[in-house]
*Asks:* 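Okay, here's the structure, questions in a sec.
Treat the numbers as computed from the prediction; the structure is a model and nothing was measured. We're numbering straight along the sequence, starting at 1.
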Amino acid sequence: MPSDVSTPKELGALRQDLLDAALRVLREQGALHLTLRRVADTAGTSTMGIYTCFGGRAGLLEAIYEHGFSVLHDVMSTSLNGHADPLVRIMAVARGYRQFALADPALYALMFERPLPDFDPSPRQRNDALGLTFDLLTQATSAAAQSGLIRSNDPVRAAYLVWTTIHGIVSIELTCSLRSPLPGWFLDSREEGERVLIDGVQALLSGLT
């Protein structure tokens with residue numbers, strides 16, 4: 001697709017093509033290969049298209065970051081599946097978070113780690129990301145506190161404690177899954193990984209009751 005688009009529809013299509021290409025480069029080659037030239041070549045266009053649609057490499061990385069949290073929100077929302085019980089909702093968020101991380105480890109790393117030292121999302125972007133994802137957990141801990149299922153004067157703080165448990169367990173499992181199997185180590189299957197996650201979150205919730 002040429003980069004000299006002339007209509008909003010063409011511009012939107014080019015933007016999506018470039019974002020798809022960037023995600024493909026990220027997943028297949030890694031974050032360090034997210035150069036303007038490589039993304040443009042993958043999309044079959046020129047680097048000028050990236051400047052037109054995103055303002056440059058920083059804008060492209062920000063778009064990837066925002067896309068990641070949008071997908072994470074959708075996965076966790078689907079996991080909630082209309083559950084009303086606050087504790088079930090917390091566990092559903094945990095499962096959705098893990099599902100996303102294991103399905104797209106490269107995107108997860110760009111969102112939560114620093115594979116690119118020169119990329120630092122703005123406070124506004126991080127706040128928007130929290131609004132999309134962390135709020136789902138805060139709503140569940142608020143409901144749990146109101147129902148007397150956990151004791152907390154600050155549901156946001158309780159949600160943060162739950163999230164750090166989820167994030168820590170999932171991130172370590174992801175690190176292990178991307179390396180050669182460790183003989184004799186108990187975390188030897190996806191099923192065991194999910195059981196560890198459930199045990200960890202339940203242990204944290206027990207400490208809040």
Side-chain angles (χ1 to χ4, degrees), residues 23 25-34 61 64-81 83 86-121 125-126 129-141 144 150 152 155-209:
L23 289 166
V25 171
L26 174 64
R27 290 162 178 155
E28 295 176 359
Q29 303 177 44
L32 294 177
H33 294 281
L34 282 170
L61 295 176
I64 297 171
Y65 179 84
E66 292 172 358
H67 170 79
F69 278 98
S70 177
V71 174
L72 177 57
H73 170 268
D74 291 345
V75 173
M76 292 196 302
S77 295
T78 300
S79 296
L80 288 171
N81 195 30
H83 291 300
L87 298 184
V88 173
R89 290 176 66 83
I90 291 171
M91 294 307 305
V93 167
R95 287 189 172 96
Y97 191 94
R98 177 177 178 270
Q99 176 186 337
F100 170 81
L102 295 180
D104 207 338
L107 183 55
Y108 177 86
L110 184 71
M111 293 159 59
F112 294 107
E113 300 171 9
R114 291 295 297 272
L116 296 172
D118 62 336
F119 174 57
D120 184 21
Q125 282 190 300
R126 296 200 302 272
L130 285 174
L132 269 177
T133 55
F134 186 69
D135 279 1
L136 294 176
L137 193 55
T138 302
Q139 291 163 13
T141 55
I150 63 172
S152 176
V156 175
R157 185 174 184 273
Y160 179 78
L161 293 173
V162 174
W163 174 75
T164 56
T165 301
I166 296 170
H167 181 74
I169 291 173
V170 169
S171 295
I172 292 174
E173 180 187 0
L174 189 59
T175 298
C176 292
S177 71
L178 296 176
R179 294 178 175 171
S180 301
L182 187 62
W185 182 240
F186 73 94
L187 197 63
D188 56 359
S189 68
R190 289 292 177 95
E191 293 75 19
E192 186 61 28
E194 182 169 352
R195 283 193 290 270
V196 170
L197 175 65
I198 293 170
D199 288 348
V201 175
Q202 286 180 338
L204 188 281
L205 292 174
S206 295
L208 293 173
T209 58

*Asks:* Going by atom type alone, with no hydrogens or angles, which donor-acceptor pairs under 3.5 Å involve a side-chain atom of residues 110-121 and a protein atom two or more places apart or on another chain?
*Replies:*
residue	atom	partner	partner atom	Å
R114	NE	F119	O	3.3
R114	NH2	P117	O	2.6
D118	OD2	R57	NH1	2.9

*Asks:* Using side chain to side chain contact (heavy atoms under 4.5 Å, CB included) as the criterion, list what pairs up with S189, not counting sequence neighbours.
*Replies:* E191, E192
*Asks:* Under 6.0 Å from the CZ atom of R157, do we count more than 12 heavy atoms belonging to anything else shown?
*Replies:* no
*Asks:* Listed by chain and number, what are the salt bridge (Lys or Arg N to Asp or Glu O under 4.0 Å) partners of R27, not counting sequence neighbours?
*Replies:* D104
*Asks:* Please identify each residue that fulfils side chain to side chain contact (heavy atoms under 4.5 Å, CB included) with T78, with sequence neighbours left out.
*Replies:* none
*Asks:* Mark yes or no for whether S70, through its side chain, and E66, through its backbone, hold a donor-acceptor pair below 3.5 Å.
*Replies:* no
*Asks:* Does the T165 side chain pair with the main chain of V201, one donor and one acceptor, at a distance under 3.5 Å?
*Replies:* no
*Asks:* What's the spacing between I150 CD1 and T141 OG1 if we round to 0.5 Å?
*Replies:* 5.5 Å
*Asks:* Among L204, L197, L161, find the one that has a side-chain contact (heavy atoms from CB on, under 4.5 Å) with I166.
*Replies:* L197
*Asks:* Atom CG of L107 and atom OH of Y65: how far apart are they, to the nearest 0.5 Å?
*Replies:* 11.0 Å
*Asks:* Heavy-atom distance under 4.5 Å between the side chains of L136 and S77, does that happen here?
*Replies:* yes
*Asks:* CG/L137 to CG/L130 distance, rounded to the nearest 0.5 angstrom?
*Replies:* 11.0 Å
*Asks:* Once side chain to side chain donor-acceptor pair (under 3.5 Å) is applied, do any residues pair with Q202, and if so which ones, sequence neighbours excluded?
*Replies:* none
*Asks:* Counting only heavy atoms from other residues, nucleotides and ligands, does the tally under 6.0 Å from CZ of F134 exceed 12?
*Replies:* yes
*Asks:* Enumerate, atom names and distances included, each donor-acceptor pair closer than 3.5 Å involving a side-chain atom of residues 89-102, sequence neighbours excluded.
*Replies:*
residue	atom	partner	partner atom	Å
R89	NH1	H83	O	2.8
R95	NE	E194	OE2	2.8
Y97	OH	W163	NE1	3.4
Y97	OH	H167	ND1	2.7
R98	NE	E173	OE1	2.8
R98	NH2	E173	OE2	2.8
R98	NH2	R190	O	2.6

*Asks:* Using a 3.5 Å distance criterion without hydrogens, assess whether the side chain of S177 forms a donor-acceptor pair with backbone atoms of L174.
*Replies:* yes
